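One structure follows; several queries about it will come next.
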Amino acid sequence: MVVGDISTGTELLVVGGGPGGYVAAIRAGQLDVDVTLVEADAYGGTCLNEGCIPSKALIHVATLADEVESAEAMGLHARADVDMQGLVDWKDGVVDQLTSGVEKLCKANGVSLVEGRAEFVDGETARIAHGGEGQGSETVTFDSAVIATGSRPIELPGVEFDGEHILDSSDVLDLRSVPESMTVVGGGYIGMELSTMLAKLGCDVTIVEMLDDILPGYTEDITRLVRNRAESLGVAFSFGERATGWEPAGDGVRLDTETEDGETASYTAENVLVAVGREGAADTCNVEALGLEPRNDGTLETDATTQTSVDGIYAVGDVAGEPMLAHKAYREGHVAAEVVAGEPSRLDYQAIPSAVFTDPEIGTVGLTEAEAEAEGFDPVVGEMPLRASGRALTLGADEGFVRIVADAETGFVLGGQIVGPEAAELVAEVGLAIELGARLEDIAATVHTHPTLSEAVAEAAANARDSAIHTLNR
Amino acid sequence: MVVGDISTGTELLVVGGGPGGYVAAIRAGQLDVDVTLVEADAYGGTCLNEGCIPSKALIHVATLADEVESAEAMGLHARADVDMQGLVDWKDGVVDQLTSGVEKLCKANGVSLVEGRAEFVDGETARIAHGGEGQGSETVTFDSAVIATGSRPIELPGVEFDGEHILDSSDVLDLRSVPESMTVVGGGYIGMELSTMLAKLGCDVTIVEMLDDILPGYTEDITRLVRNRAESLGVAFSFGERATGWEPAGDGVRLDTETEDGETASYTAENVLVAVGREGAADTCNVEALGLEPRNDGTLETDATTQTSVDGIYAVGDVAGEPMLAHKAYREGHVAAEVVAGEPSRLDYQAIPSAVFTDPEIGTVGLTEAEAEAEGFDPVVGEMPLRASGRALTLGADEGFVRIVADAETGFVLGGQIVGPEAAELVAEVGLAIELGARLEDIAATVHTHPTLSEAVAEAAANARDSAIHTLNR
Amino acid sequence: AAPTGADGRVFAAPSTRRLARELGVDIAAVDGSGPGGRVTEADVRAAADATDTVESGADDAPPSGDDADTDDTDDDVRSAVRRVDEEADDGGSDATPD
Ligand SMILES: Cc1cc2nc3c(=O)[nH]c(=O)nc-3n(C[C@H](O)[C@H](O)[C@H](O)COP(=O)(O)OP(=O)(O)OC[C@H]3O[C@@H](n4cnc5c(N)ncnc54)[C@H](O)[C@@H]3O)c2cc1C
Ligand SMILES: Cc1cc2nc3c(=O)[nH]c(=O)nc-3n(C[C@H](O)[C@H](O)[C@H](O)COP(=O)(O)OP(=O)(O)OC[C@H]3O[C@@H](n4cnc5c(N)ncnc54)[C@H](O)[C@@H]3O)c2cc1C
């Protein structure tokens with residue numbers, strides 16, 4: 001191969017090999033589009049390498065260790081030690097298996113893979129700089145392009161990441177030992193998931209959050225359960241404080257904070273995790289050459305076909321804005337590919353579910369009661385507390401609930417909020433009901449296996465119709 | 001109260017307070033039917049007291065202990081000891097909580113509760129003999145009656161239950177210590193669930209089964225996974241052998257068996273569990289006085305309204321025949337009550353899901369490929385292996401799959417077979433799809449949360465349409 | 001293996017099947033206009049109207065109304081009427097591949 005001199009043409013250029021990009025590329029390949037996927041770093045993007053997958057792998061093991069050590073009441077006496085290096089090695093193996101799977105699936109679907117960083121030169125040309133010294137670059141011409149460059153953690157002025165004292169979520173997923181203590185800035189879902197995981201592994205965690213509660217966007221009856229459980233795991237909370245700077249302190253870090261009223265405080269711990277949100281990475285590929293202007297948060301505006309304001313240029317995943325979730329990226333990648341292939345595809349979902357893998361777990365989809373009201377519905381709400389669920393009790397879990405929101409007049413299911421074991425799985429059925437325009441009666445009339453947590457979904461639907469059996473009706 | 005002299009009238013008499021009976025009673029109460037529920041033993045019936053709930057409680061803890069002890073590859077080093085007495089005490093607490101919940105729910109819905117054994121005197125009268133010596137009896141007249149007397153384990157001639165050497169499933173759920181060894185007769189779902197649980201608690205289990213595989217009704221690609229895992233837990237299998245008799249042997253039991261060809265063998269263990277199926281208990285309440293004749297298996301024939309051949313006499317749950325599952329009992333109880341209340345209710349479900357809480361877990365609903373063919377469909381099948389599921393890998397689970405069966409022409413979802421973690425939960429979504437007349441596209445187009453096992457349901461549906469992303473299409 | 005429903009296999013939502021019983025319509029005999037031939041509530045209502053005009057009801061299901069006097073049932077009948085229009089345009093999902 002002559003380095004630096006290659007020029008190829010492709011129908012579709014996909015920039016970024018995360019969930020948005022690799023799905024766009026695979027789907028395009030399936031539809032016989034000639035497609036090239038460029039990835040600067042690692043196939044699978046944030047999700048597989050330093051997001052969803054590694055975090056859930058670590059959370060699973062930490063939870064198992066904690067669960068088994070707190071099962072005395074069940075007659076189970078156990079002592080569990082987590083060797084962090086071993087845990088991270090195992091996690092790396094899982095990641096490798098999945099990233100090499102993505103590579104294989106791309107190839108099997110006819111996607112041309114190029115490693116390197118792509119930058120747009122103009123509306124039909126990009127240069128790809130290959131990684132490493134002297135690896136050269138190549139030029140690719142394209143008919144259409146999908147920008148799937150993802151996002152990165154937001155940096156706090158005065159508390160910049162250094163990988164040693166001030167960590168981002170990726171650093172925490174690669175710890176070689178469990179720190180004795182950690183100050184976590186940010187009580188959003190990433191901060192809460194990692195804090196819970198660290199606490200279960202024996203780390204003393206203090207969460208500093210600017211707002212006055214964790215998990216913005218969730219109602220207080222949900223956040224309370226997560227907060228209480230985190231507290232019982234030893235997590236401390238400081239609300240209403242903004243991190244302003246830090247100093248080394250002994251072997252650790254002293255983090256300084258300030259309230260709105262100017263009161264200051266400081267927290268000393270082995271290190272600090274800053275998890276205050278993510279911003280789009282539209283700035284990695286010179287989108288200006290396409291005539292595109294990223295928004296302030298680094299994301300690009302798109303329409304229901306995922307197209308940007310420039311014809312033939314699409315953006316998917318985190319770089320296309322909130323919600324920054326892998327499955328939203330998947331769907332956008334899917335639609336982008338189909339639109340490029342000439343299919344009448346649209347982002348026409350009714351709802352994008354979300355999960356938070358805290359303890360308890362949260363799964364939500366569609367509208368809450370308040371959101372339904374705001375949309376002009378007259379909502380009816382059904383609920384099944386898990387303490388009335390036989391399956392939950394056999395799992396030693398009795399905190400949490402399944403709540404279903406529907407339109408009172410028609411019975412159409414509008415949303416679901418689930419807190420408890422497997423909440424992220426259970427919400428799938430509610431999501432299907434929403435997409436299908438199903439009614440409460442349809443869920444309630446579907447026979448659910450006993451004993452399962454999914455029965456609570458049916459009971460919540462029945463409860464909204466005053467016909468629940470295993471919980472009192474209103 | 002004058003003992004033995006009371007005579008009351010009720011619109012609806014429900015005989016038996018298990019899942020079939022208590023649901024019938026509660027639902028009738030909700031619909032303002034004057035209803036009396038008679039239970040001879042314990043509210044909640046087999047399901048809560050000696051079936052679904054206690055078995056799943058024990059299975060959960062045994063699985064937790066086994067899982068955590070086999071997690072070295074994940075960096076988790078643990079030693080777990082189960083104190084069987086403590087485990088059973090905890091389980092009893094769960095059972096008490098649920099049975100007292102059933103009692104409360106009955107009362108809150110206006111159900112009159114009577115403890116005692118009911119026997120029919122004629123088509124409008126029953127006598128209720130109160131438990132215990134000299135507790136007397138009372139007479140109840142009724143307009144309609146629901147027979148919900150459940151089922152009991154089938155006894156093997158020559159290997160009768162004695163609660164000491166020859167155990168039934170209830171005895172196993174009340175063990176005060178883990179036996180060193182057990183011979184299990186019967187590889188059906190109860191035999192397999194309890195064998196797996198015992199093996200995980202350290203008991204040497206040998207399963208003797210008359211047929212040539214476990215779990216009749218399941219395809220070999222499913223039974224193989226369960227068999228292999230059981231074997232790796234130390235369970236031994238002897239197929240094609242019938243238990244013929246037993247002898248005490250030292251502190252244990254020698255069980256004798258015979259093949260169809262007359263070859264004999266014997267198995268010695270601390271005790272024997274016989275789990276060869278259950279038969280209806282239509283004989284506990286003198287149904288002959290109603291003009292009813294139980295079938296050979298002790299069950300009663302019913303129609304789509306749950307009515308027996310006698311007007312106004314209904315039968316629900318195990319006593320109404322296969323499948324003998326709690327959620328089938330629930331549904332029948334529900335329909336019986338609504339029919340009695342004059343509602344146009346019918347048993348009109350398309351599918352009753354089933355779960356087997358072995359390792360791996362199995363969840364199925366609707367038709368298999370072969371069944372779909374037999375019903376005249378031209379089936380298309382989609383599959384997602386769990387080794388391609390990110391969520392499964394983060395759980396350390398990579399055996400199993402989600403399979404969806406649909407009609408090729410219309411795409412209507414006809415069935416699902418799921419093997420792996422949370423299979424019993426995941427099958428709920430497929431069940432809803434079947435009941436709603438949803439198509440493969442509807443499941444595939446519903447956004448599923450990442451990373452979850454439920455994504456595999458969507459990928460299996462997409463696979464049947466040749467558009468799966470995370471697994472190769474055919 | 002699970003048994004099929006006692007009324008046979010019909011591709012229609014449980015709420016639609018219940019409506020058919022309330023209206024005395026034999027849903028198995030209704031031609032579905034929904035995706036793949038799914039029977040919609042509008043189909044059931046049209047079948048009921050057609051039956052009404054020839055003044056004969058299916059004898060399989062009890063009539064709705066008077067003796068089904070729970071709040072549940074009455075609500076559903078009312079709400080189902082309003083939903084006919086919405087249901088009628090769900091054939092459009094055919095247009096989106098995958
Ligand atoms: C700790 C953590 C936990 C998370 N947990 C979850 C979860 O449980 N569920 C969930 O749904 N989401 C979760 N997320 C979010 C999820 O990871 C993202 O939403 C998802 O990865 C977005 O996919 P994407 O394809 O848009 O971008 P990314 O995954 O960020 O991929 C972008 C890719 O583009 C490459 N790239 C960038 N610029 C260029 C260029 N110029 N040329 C070539 N390549 C380029 C990058 O190297 C990267 O591989 C989590 C995130 C984090 C950080
Ligand atoms: C070990 C085991 C595990 C199981 N696991 C599952 C599972 O995971 N999922 C599942 O769906 N099913 C499971 N089952 C099956 C489930 O328990 C039954 O299907 C269910 O209990 C049937 O409910 P029922 O109301 O018909 O009868 P039962 O639960 O048997 O209740 C009948 C009740 O009637 C009472 N009674 C009988 N005769 C009279 C009389 N003459 N007068 C007054 N009272 C009377 C009895 O005392 C009893 O309480 C399991 C069963 C066993 C044994």
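Chain letters run A, B, ... following the sequence lines, proteins first and then strands; every chain starts at 1. All of these numbers come straight from a predicted model, not from anything done at the bench.
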Output the option from Ala329(A), Ala73(A), Gly93(A) having the highest count of non-hydrogen pairs under 4.5 Å with chain B.
->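 Heavy-atom pairs under 4.5 Å are most numerous for Ala73(A).
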In terms of heavy-atom proximity below 4.5 Å to chain B, should Asp89(A) be classed as side chain, backbone, both, or neither?
->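 Neither; nothing under 4.5 Å.
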Name all pairs fulfilling the salt bridge (charged side-chain N to carboxylate O under 4.0 Å, His left out) condition that reach into residues 385-394 of chain B, sequence neighbours left out, sorted by first residue then second.
->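 Pairs touching residues 385-394 of chain B that pass the test: none.
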Kindly compute the distance separating CG (Leu76(B)) from NE2 (His60(A)), expressed to the nearest 0.5 Å.
->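 Leu76(B) atom CG to His60(A) atom NE2 measures 8.5 Å (nearest 0.5 Å).
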Okay, side chain of Arg331(B), backbone of Ala445(A): is any donor-acceptor separation there less than 3.5 Å?
->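 Answer holds: yes.
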Does any heavy atom of chain A fall under 4.5 Å from the side chain of Ile443(B), the backbone, both, or neither of them?
-> both
Region of Asp466(B) in contact with chain A, defined by heavy-atom distances below 4.5 Å |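 Backbone only.
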Would you give the length of the straight line joining atom CG of Leu395(A) to atom CD1 of Ile59(B), rounded to the nearest 0.5 angstrom?
-> 11.5 Å
One option among Ala351(A), Ser454(A), Ala62(A), Pro451(A) has the most heavy-atom pairs under 4.5 Å with chain B, and it is Pro451(A)
Any idea which of Pro19(A), Cys47(A), Cys52(A) has the most non-hydrogen atom pairs under 4.5 angstrom with chain B?
->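 Option with the greatest count: Cys52(A).
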Hey, what do you get for CD (Glu422(A)) to OG1 (Thr452(B)), rounding to the nearest 0.5 Å?
->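 Here the interatomic distance stands at 10.0 Å.
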Looking at Ala108(B) and Leu472(A), what are the two nearest heavy atoms and their distance?
->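 Closest heavy-atom pair between Ala108(B) and Leu472(A): CB-CD2, 3.4 Å.
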On a heavy-atom basis, the closest approach of Ala388(B) and Leu98(A) is O-CD2, 4.5 Å
Decide side chain to side chain contact (heavy atoms under 4.5 Å, CB included) for Ile469(B) and Leu105(A); before the verdict, give the C-alpha distance in whole Å, the side-chain angles of both, and the deciding distance to 0.1 Å.
-> CA-CA 8 Å; Ile469(B) 297 294; Leu105(A) 287 163; 5.9 Å; no
Gln85(B) versus chain A, the contacting section by heavy-atom distance below 4.5 Å =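 For Gln85(B), no heavy atom lies under 4.5 Å from chain A.
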Can you find a pair of side-chain heavy atoms, one from Pro353(A) and one from Val447(B), that are under 4.5 Å apart?
-> yes
Return the option, out of Ala355(A), Gly101(A), Ala80(A), with the maximum number of heavy-atom pairs under 4.5 Å with chain B.
->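 Going by pairs under 4.5 Å, I would pick Ala80(A).
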Heavy atoms only, distances under 4.5 angstrom: which of Ala57(B), Gly396(B), Ala71(B), Ala326(B) has the most pairs with chain A? Name it, please.
-> Ala57(B)
Scored by heavy-atom pairs under 4.5 Å with chain A, the best of Gly86(B), Ala438(B), Pro54(B) is Gly86(B)
Look at Ile53(A), Val61(A), Val82(A) and state which one has the largest set of heavy-atom pairs under 4.5 Å with chain B.
->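 Highest number of heavy-atom pairs under 4.5 Å: Ile53(A).
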Tell me, please, which residues at least two apart from Tyr330(A) pass ring pair (Phe, Tyr, Trp, His ring centres under 6.0 Å).
->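 His450(B), His470(B).
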Residue pairs passing the salt bridge (charged side-chain N to carboxylate O under 4.0 Å, His left out) test with at least one member in residues 52-73 of chain B, sequence neighbours excluded, are Lys56(B)-Glu193(B), Asp66(B)-Arg229(B), Glu69(B)-Arg79(B)
How many angstroms lie between CG in Leu436(B) and CG in Leu436(A), if you round to the nearest 0.5 Å?
-> 5.5 Å
Measure distances from Ala444(A) to the heavy atoms of chain B and classify the residue's part below 4.5 Å as side chain, backbone, both or neither.
-> backbone
Max heavy-atom pair count under 4.5 Å with chain B, selected residue of Glu435(A), Glu455(A), Gln97(A), Met74(A) |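 Most heavy-atom pairs under 4.5 Å with chain B: Met74(A).
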What is the distance from atom CG of Asn473(A) to atom CD1 of Ile26(B), rounded to the nearest 0.5 Å?
-> 10.0 Å
Identify the two heavy atoms, one from Trp90(A) and one from Thr394(B), that lie closest to each other, and give their separation to 0.1 Å.
-> CH2-O, 3.3 Å
For the side chain of Gln30(A) and the backbone of Ala468(B), is there at least one donor-acceptor N/O pair under 3.5 Å apart?
-> yes
Where along residues 424-433 of chain B does a heavy atom come under 4.5 Å of chain A, listed by residue number?
->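 Answer by number: Ala424(B), Glu425(B), Leu426(B), Val427(B), Ala428(B), Glu429(B), Gly431(B), Leu432(B), Ala433(B).
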